[in-house]
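Here the structure is a predicted model, which means the values were calculated and not measured. Letters A, B, ... mirror the listed sequences (proteins, then strands); counts begin at 1.
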Protein chains: 2
Amino acid sequence: MARRRQSVTIKHVAADAGVSLQTVSRVINDEPNVRPAMKERVQASIDKLGYTPSIAAQRMSGSRSYLIMALNDRERTIADWRERRGTDWVDQMLLGGMLTCAEHGYRMIVELIDTHSDHVERELSAALMALQPDGVVLTPPHSENALITGLLADRGIPFARIGSIAPGPGFALTMGDTKNALDATRRLIELGHKRIGMIAGPDAYSLSGWRIEGWRQALGEAGLPHEGLCAAGDFGFESGNEAARALLTQDDPPTAIVASSDQMALATLDVARELGLSVPRDLSVISFDNTPIVRFTDPPLTAVDQPIAETISRAVELIIRARRDAAPDAVIDVEGSVVERGSTAPAPHLTGVKRA
Amino acid sequence: MARRRQSVTIKHVAADAGVSLQTVSRVINDEPNVRPAMKERVQASIDKLGYTPSIAAQRMSGSRSYLIMALNDRERTIADWRERRGTDWVDQMLLGGMLTCAEHGYRMIVELIDTHSDHVERELSAALMALQPDGVVLTPPHSENALITGLLADRGIPFARIGSIAPGPGFALTMGDTKNALDATRRLIELGHKRIGMIAGPDAYSLSGWRIEGWRQALGEAGLPHEGLCAAGDFGFESGNEAARALLTQDDPPTAIVASSDQMALATLDVARELGLSVPRDLSVISFDNTPIVRFTDPPLTAVDQPIAETISRAVELIIRARRDAAPDAVIDVEGSVVERGSTAPAPHLTGVKRA
DNA sequence: ATGAAAGCGCTAACAT
DNA sequence: ATGTTAGCGCTTTCAT
């Protein structure tokens with residue numbers, strides 16, 4: 001391959017404007033100590049030649065790489081893509097991440113890392129050495145992986161933890177999990193439900209716990225019971241099936257269920273159908289995620305919308321500003337909302353009658 | 001900001017192994033003229049220190065950047081994300097692209113470019129200068145934009161054109177559009193349909209034409225008419241609504257429709273419902289895309305599955321091999337398939353009776 | 001088969 | 001306010 005060189009470099013601009021490289025550099029980076037007239041002249045040359053600095057060269061000189069790495073769980077992400085489950089997490093991440101990066105001249109680059117692997121550190125370290133990103137966005141469950149956060153902290157790389165509130169290095173951001181679960185449960189209580197079940201996510205994710213907390217809090221406020229009404233899944237369809245079955249086939253089953261993922265809610269719909277329960281007449285369901293498919297289920301699912309794009313956008317801004325500003329101590333909580341659709345309705349009148 | 005340096009560099013490895021930088025470089029790049037024993041010794045140091053070369057430095061020295069840029073239409077992509085329509089094109093692109101890139105030590109980086117903008121060239125040029133990718137994957141409609149292909153050809157950057165068969169620079173790949181439309185239409189003919197409509201995509205996409213061609217060819221084989229049975233949309237829901245209405249409210253309307261996108265098929269379902277037509281009893285529908293939502297529509301849509309991941313994967317391989325191998329002259333056509341679901345059924349008996 | 005020297009495009013540090 | 005120098009980590013010459 002022919003040795004490919006940059007077509008227009010800082011040298012060309014400097015020559016064209018009749019100034020030193022350094023002055024051009026100062027203009028590019030909007031640094032002080034350049035007279036307006038000079039700045040204008042250099043900018044004119046830049047525009048004329050259509051010059052854009054090479055991020056590789058910028059990085060080499062000890063400056064920024066203008067790259068932000070978004071780390072996702074390899075196994076889960078690939079499975080979602082392969083199965084075409086309609087999870088649009090990555091899309092929403094790119095929506096918030098890429099656009100905000102672009103506003104600041106940065107790029108977002110998606111990287112997949114194994115969670116369970118014993119060589120997480122090697123994988124991550126290799127990615128960091130290869131790319132030299134200026135920051136990293138950690139999504140669950142990586143955001144709570146001490147090996148990962150520790151390594152980033154050691155290397156002094158700014159990073160954001162989505163779905164983590166633990167103190168320590170890195171910006172912590174959450175998507176209103178507790179309040180979302182609280183709101184969803186309250187809504188069901190308003191509809192007259194007295195026994196409201198919860199299909200929780202796996203323990204490995206803190207947000208699973210937060211949602212349980214919100215659910216319990218709402219029940220507590222209303223003096224309603226929670227005992228025996230919480231079953232845990234792993235966010236996947238199969239686990240949701242089992243959890244829903246466990247909840248709905250017990251004595252005095254719930255008339256409403258909050259599921260911690262769309263897939264588990266989908267499974268709940270199936271189980272209900274199988275048990276001869278009509279949704280929402282006999283059973284109300286609210287899910288978390290609000291992925292595109294929930295508008296097309298039968299009935300369409302009332303769902304908690306997670307502000308993924310907004311949250312990643314905030315994370316990126318924090319990372320980019322990290323050089324200047326001090327880290328905010330507090331956890332940043334971006335609010336979600338409940339989108340009401342057809343899977344929720346007033347509690348059935350015959351509450352308390354065993355149906356299974 | 002502290003001037004952040006690479007933690008482990010080629011120098012460290014060279015020192016550890018007691019050899020010159022050059023020898024280490026040769027080992028990294030698997031070059032000849034290194035004795036096995038030497039190679040082993042160096043590799044041991046690399047493993048011990050957990051060394052991975054910086055792609056910025058590799059690029060700077062005139063070698064590869066190990067970056068492949070995937071170019072998508074900015075406006076459409078962002079709209080799909082914002083509306084959360086369930087289009088998983090980008091996901092499938094990443095599935096095929098990222099994984100294949102990773103196999104070869106490359107990274108895929110997604111970039112959005114305006115199609116209609118008059119400064120496409122400036123935008124693209126800036127991205128190329130900043131990132132210096134070793135190759136570019138062009139998706140429709142960029143793959144048929146002469147400004148873009150011309151610029152890449154001029155710069156000598158290997159690129160792939162997805163959904164383009166035009167001769168000229170760059171690897172051309174298609175996803176079996178003609179055959180897919182042919183198969184879908186043939187399937188409807190097998191089911192006894194005599195009047196089969198087509199809701200085509202916009203002219204700006206060549207693949208719209210290829211699909212029309214396949215549809216027409218199948219009709220021709222069976223001696224069936226096509227006149228007045230083709231309406232064009234822009235792939236979006238609204239346009240599908242109009243097109244479906246035009247087809248279904250005419251005299252002697254079709255009993256089956258092939259829609260060039262899921263969104264337009266969704267609209268067709270709505271129009272059918274509105275007109276009192278039951279799908280698939282009165283009307284069969286086959287769509288293109290097979291996005292996740294089509295499993296949840298009422299009824300679930302029979303759809304043409306586009307091998308996006310596989311196609312992008314092939315494109316990436318071609319680009320990476322471009323340095324060694326000669327460009328294949330022929331268009332590479334990756335086959336799709338029809339996934340049968342609930343929106344197709346035998347033609348209604350009362351064919352020919354006006355219903356609208 | 002190995003090593004030494006030069007340079008990629010850019011910026012930090014140090015002049016002036 | 002501007003210019004000069006040195007060097008980032010690596011690969012390409014060019015020696016040996």
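- Side-chain atoms of B:Q6 come within 3.5 Å of backbone N or O of A:M129 as a donor-acceptor pair.
- Under a 3.5 Å cut-off, the side chain of B:D134 and the backbone N or O of B:Y66 do form a donor-acceptor pair.
- Between the side chain of B:S25 and the backbone N or O of B:L21, no donor-acceptor pair lies under 3.5 Å.
- Atom C1' of nucleotide C:dC8 and atom CZ of B:R64 are separated by 16 Å, given to the nearest angstrom.
- Using modelled atom types, one side-chain atom of A:T77 and one backbone atom of A:D73 make a donor-acceptor pair closer than 3.5 Å.
- At whole-Å resolution of the value, NE2 in A:H12 and C1' in C:dG9 are 11 Å apart.
- Counting heavy atoms of neighbouring residues, nucleotides and ligands inside a 6.0 Å radius, atom CD of B:E40 does not exceed 12 of them.
- Among residue pairs with one or both ends in residues 145-161 of chain B, those qualifying as side chain to side chain donor-acceptor pair (under 3.5 Å) are B:S125-B:R155, B:R161-B:S164; sequence neighbours excluded.
- Interface remark: the A:Q22 side chain does not form any donor-acceptor pair with the C:dT11 base, using a distance-only criterion of under 3.5 Å.
- Side-chain atoms of A:D91 do not come within 3.5 Å of backbone N or O of B:W81 as any donor-acceptor pair.
- Here the P atom of nucleotide C:dG9 and the CD atom of B:Q132 are 8 Å apart, to the nearest Å.
- Rounding to whole angstrom units, OH of residue B:Y66 and C1' of D:dT11 are separated by 10 Å.
- For the contact set between residues 27-38 of chain A and DNA chain C, defined by any heavy atom under 4.0 Å, the members are A:N29, A:E31.
- Looking at the side chain of A:Q58, the nearest of the listed nucleotides C:dC10, C:dG3, D:dG3 is C:dC10.
- Contact check, A:S61 against C:dC10: no side-chain N or O comes under 4.0 Å of OP1 or OP2.
- A:K11 places its NZ atom 13 Å from the P atom of D:dT4, with the value rounded to the nearest Å.
- OP1 or OP2 of C:dG3 lies within a sub-4.0 Å distance of a side-chain N or O belonging to B:T23.
- The stretch residues 39-52 of chain B comes close to DNA chain D through B:Y51, each having a heavy atom under 4.0 Å from the strand.
- With hydrogens and angles disregarded, a donor-acceptor distance shorter than 3.5 Å links the side chain of B:S65 to the backbone of B:Q132.
- Distances from the side chain of B:R26 to the nucleotides D:dC14, D:dT12, C:dC8 place D:dC14 closest.
- Every side chain to side chain donor-acceptor pair (under 3.5 Å) that B:R76 has, sequence neighbours left out, goes to B:Y205.
- Side chain of A:S63 to backbone of A:R59: no donor-acceptor contact under 3.5 angstrom is found.
- For B:Q6, the listed nucleotide lying nearest its side chain is D:dG9; candidates were C:dG3, D:dG9, D:dG3.
- For A:I10, taking side-chain heavy atoms from C-beta onward, the closest of the listed nucleotides D:dT11, C:dT11, D:dG3 is C:dT11.
- The side chain of A:S63 places no N or O atom within less than 4.0 Å of a non-bridging phosphate oxygen (OP1 or OP2) of C:dC10.
- Applying the side-chain contact (heavy atoms from CB on, under 4.5 Å) rule to A:E317 yields the partners A:T100, A:E103, A:H104, A:R321; only residues at least two apart in sequence or on another chain are considered.
- Among B:I162, B:T139, B:L124, B:V137, the single residue meeting the side chain to side chain contact (heavy atoms under 4.5 Å, CB included) criterion with B:L71 is B:L124.
- Taking the C1' atoms of five terminal pairs at each end of the helix from C:dA1-D:dT16 to C:dT16-D:dA1, the two resulting helix axes are inclined by 40°, rounded to 10°.
- Rounded to an integer number of Å, the gap from CG of B:L21 to C1' of C:dG7 is 14 Å.
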